[in-house]
Amino acid sequence: MTATDGEMSVAQRVEALRSQISDHNHRYYVLDQPTVSDAEYDRLMVELQSLEEAHPDLITPDSPTQRVGAQPVSGFDSVRHAVAMLSLSNAFETEDVEAFNKRVADTLRGAGLTNNDGLVEYEAELKFDGLAVSLRYEQGKLVQAATRGDGQTGEDITSNIRTLRSVPLSLRGEYPVVLEVRGEVLMNRADFERLNETQQRRGDKIFVNPRNAAAGSLRQLDPRITAQRPLRFYAYGWGELVLDDAPGAQQTLADEAPDPAQTLRNTHSAMLDWLATLGLPVSPSREVVRGVDGLLQFYEDRGGQRQKLPFDIDGVVYKVNSLEAQRVLGFVARAPRFAIAHKFPAQEETTTLLDIEVQVGRTGAITPVARLKPVFVGGVTVTNATLHNEDEILRKDVRIGDTVIVRRAGDVIPEVVGPVIELRPENARPFVMPQHCPVCDSAIERLEDEAIARCTGGLFCAAQRKQTIRHAASRKALDIEGLGEKLVDQLVESDRVKSLADLFTLKVEELLLYDRMGRKSAENLVAALERASEPELGRLLYALGIRHVGETTARDLALHFGSVDAVMAADEEALLRVRDVGPVVAGSIARFFGEPHNREVVHALESAGVRPRAVEVSDGGAQPLEGKTLVLTGTMPNWTRDEATRRILAAGGKVSGSVSKKTAYLVAGEDAGSKLTKATELGVIILDEDGLKELLGD
DNA sequence: TATCCTCGAGTTCA
DNA sequence: CTCGAGGATA
């Protein structure tokens, strides 16, 4: 074929497109500064594809269109690493790091490699929670990619790795003859969430965490599937490296460019910088630090930012920065002596699911709870975790006997993330929702369209009676100090307390008969009950434990009706006139007071001397927050959350639990979490405690 | 009817 | 804190 003008321009256009696309990938994944929209990027790809279709002879293996070229395979070949992929020793405690630093410092001093100040210089970086891989570039082209495997031999995953847009198919600039890049493949948490949503919609496998999702995606036999997975790659090291005779090196050695042979071989950090110049995405958030204090400072720093990073890390890694020093330090067994991984306390651990028991809540809700083999995760030992409901167990497919992943994420509450299917024993047993209440043996029923199964025993069920009393005594209800869980259990079990009203007839002498009750505690409790006999009306209504009537609705009812009797006398129609009360809530209230024994309890409370305080219908004071909704988050320096809530309500404002565009202000204290992020996104005004005080006219 | 906003309920460990 | 679900609103 002769090279006519037309052919030339097509070839040139194809070349130009490839270089543009590769530039955009580089800007997006390496520089983190995309300059074009996804749509524009797609347009370039489409144009390149159509040109290549029309001119198949112009297709080269490193064309971005060829990222997904390979057919599904039946298995992976093994690959022997030219240079072994090492593992790192681990440090869990500060002492481990100090010992590491001392060993390094002593060895280097012996070799006469000490710095002026005697401190060892380290390159500190993040330890990704992903999968280690090795990429082999020959003459600047990606020729092979392999998993770590046992460190000597891994699996050939070249066609899967080629689909990762963050992995350049050709190196940029002055590339070496041979370069084995070592790094980690991982998935960002947000991408992982999105992937799982898609998987769920399609009825495909749900992944338990980003790491498993990344692993599963890399081990796909069909690269077309891998191509759809949002995987990323970050380089942190290298294996075999042959610099000589690099053809690119002679071409463009610009005057201002540092001599690669110089910078290149001095330090680990310079090596990583150099890898970045070759177009490889290099581990972000690196730092060069000195001495053990520098290491620990880095650890603290990154540990604090852990939640804010887009991906999971399980620690940080320290490497002696000088490559010469690294050579002097050498290796022990399969780990280098010049590097160590400093692990964070695990946020995720695996343990055995010993059993699934059910709990009965105040409303009869049957909640399955996982009994776990105790496991230390996120700084505490976890033995129980809620499984929420039957559907949740099915969705996660956890079975009794499974090895499960347990997480203690941003908040405090442990969560069973999911089972490790590969470790499922033969005799693993699925959870079966019991037909009868374990406490009172009443039937358990689950209404259609509802996620929760409930015990139908009502107050016949001792568990529900206990929970009802506990609820009434809680801080947001009657706030009865000294009436703890154990005592409530005893009072209910002995039948001394059958309803809320019975509490108020308790006497010091009889309380002494219960376990762990001294005279002092008994007197304190009776005094607390005395104080509780003059509750705000809203608190009393809340304490009754009417279904669908929480703190807010109870307060609304109190304001609307002014007395318990008025609420009790109201029919559904009257109840519907209360704000935020619809048919379900109105029906629930009417049904509650329709029950003779509930009316009896109200009367018995009256006889026992419980008199709600008169409701003050707004004190006429300043109402600076009239009609405004505020959200509280984090810990404030002086006020508790309850305190702040009280003052906001007094100023005519409302306090809500979640941020939306209707939120007027977010009051953020120390350690504010996701609400702050959301408020920032929505452009909600953010205040601190002082700002709130100002707003209240304090 | 669909969507957004709130509220209610349940939960763990030290 | 999160989920489910009730209520209001467009």
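Proteins come first, then strands; the chains are lettered A, B, ... in the order of their sequence lines, and each starts at number 1.
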| So, are A/D191 and A/R194 salt-bridged, with charged N and O less than 4.0 Å apart? | yes
| task | For A/K373, check salt bridge (Lys or Arg N to Asp or Glu O under 4.0 Å) against everything at least two apart and list the hits. | result | none
| request: Go through the structure and list residues passing salt bridge (Lys or Arg N to Asp or Glu O under 4.0 Å) with A/R577, not counting sequence neighbours. | output: none
For atom [atom1] of [X] and atom [atom2] of [N], their distance in whole Å:
X: A/I546; N: C/dG6; atom1: CD1; atom2: P; answer: 17 Å
X: A/E415; N: B/dC13; atom1: CD; atom2: P; answer: 14 Å
X: A/R407; N: B/dT12; atom1: CZ; atom2: C1'; answer: 15 Å
X: A/L632; N: C/dC1; atom1: CG; atom2: P; answer: 11 Å
X: A/R362; N: B/dG10; atom1: CZ; atom2: C1'; answer: 10 Å
X: A/R454; N: B/dG8; atom1: CZ; atom2: P; answer: 15 Å
X: A/N384; N: B/dT11; atom1: CG; atom2: C1'; answer: 10 Å
X: A/L576; N: C/dG6; atom1: CG; atom2: P; answer: 15 Å

| note | Checking A/L354, A/N384, A/V382 against A/L372 for side-chain contact (heavy atoms from CB on, under 4.5 Å), the one that qualifies is A/V382
| query | Taking the six-membered ring for Trp, is the centroid-to-centroid distance between A/F128 and A/F311 below 6.0 Å? | reply | yes
| Under 4.0 angstrom between A/Q359 side-chain N/O and B/dT11 OP1 or OP2 | yes
| field | CD (A/E595) with more than 12 external heavy atoms under 6.0 Å | value | yes
Protein-nucleotides 4-7 of chain B N/O pairs under 3.5 Å:
unit_1, atom_1, unit_2, atom_2, d
B/dT6, OP2, A/S660, OG, 2.9
B/dC7, O3', A/T553, OG1, 3.4

| query | With A/F344, which residues qualify under ring pair (Phe, Tyr, Trp, His ring centres under 6.0 Å), at least two apart? | reply | A/Y299
| remark: Looking only at heavy atoms, the pair that brings A/F593 and A/L544 closest together is CZ-CD1, 4.0 Å
| With sequence neighbours excluded, what pairs up with A/D301 under the side-chain hydrogen bond (donor to acceptor under 3.5 Å, both in side chains) test? | A/Q297
| remark: Ordered by number, residues from residues 385-403 of chain A within less than 4.0 Å of DNA chain B (heavy atoms) are A/A385, A/T386
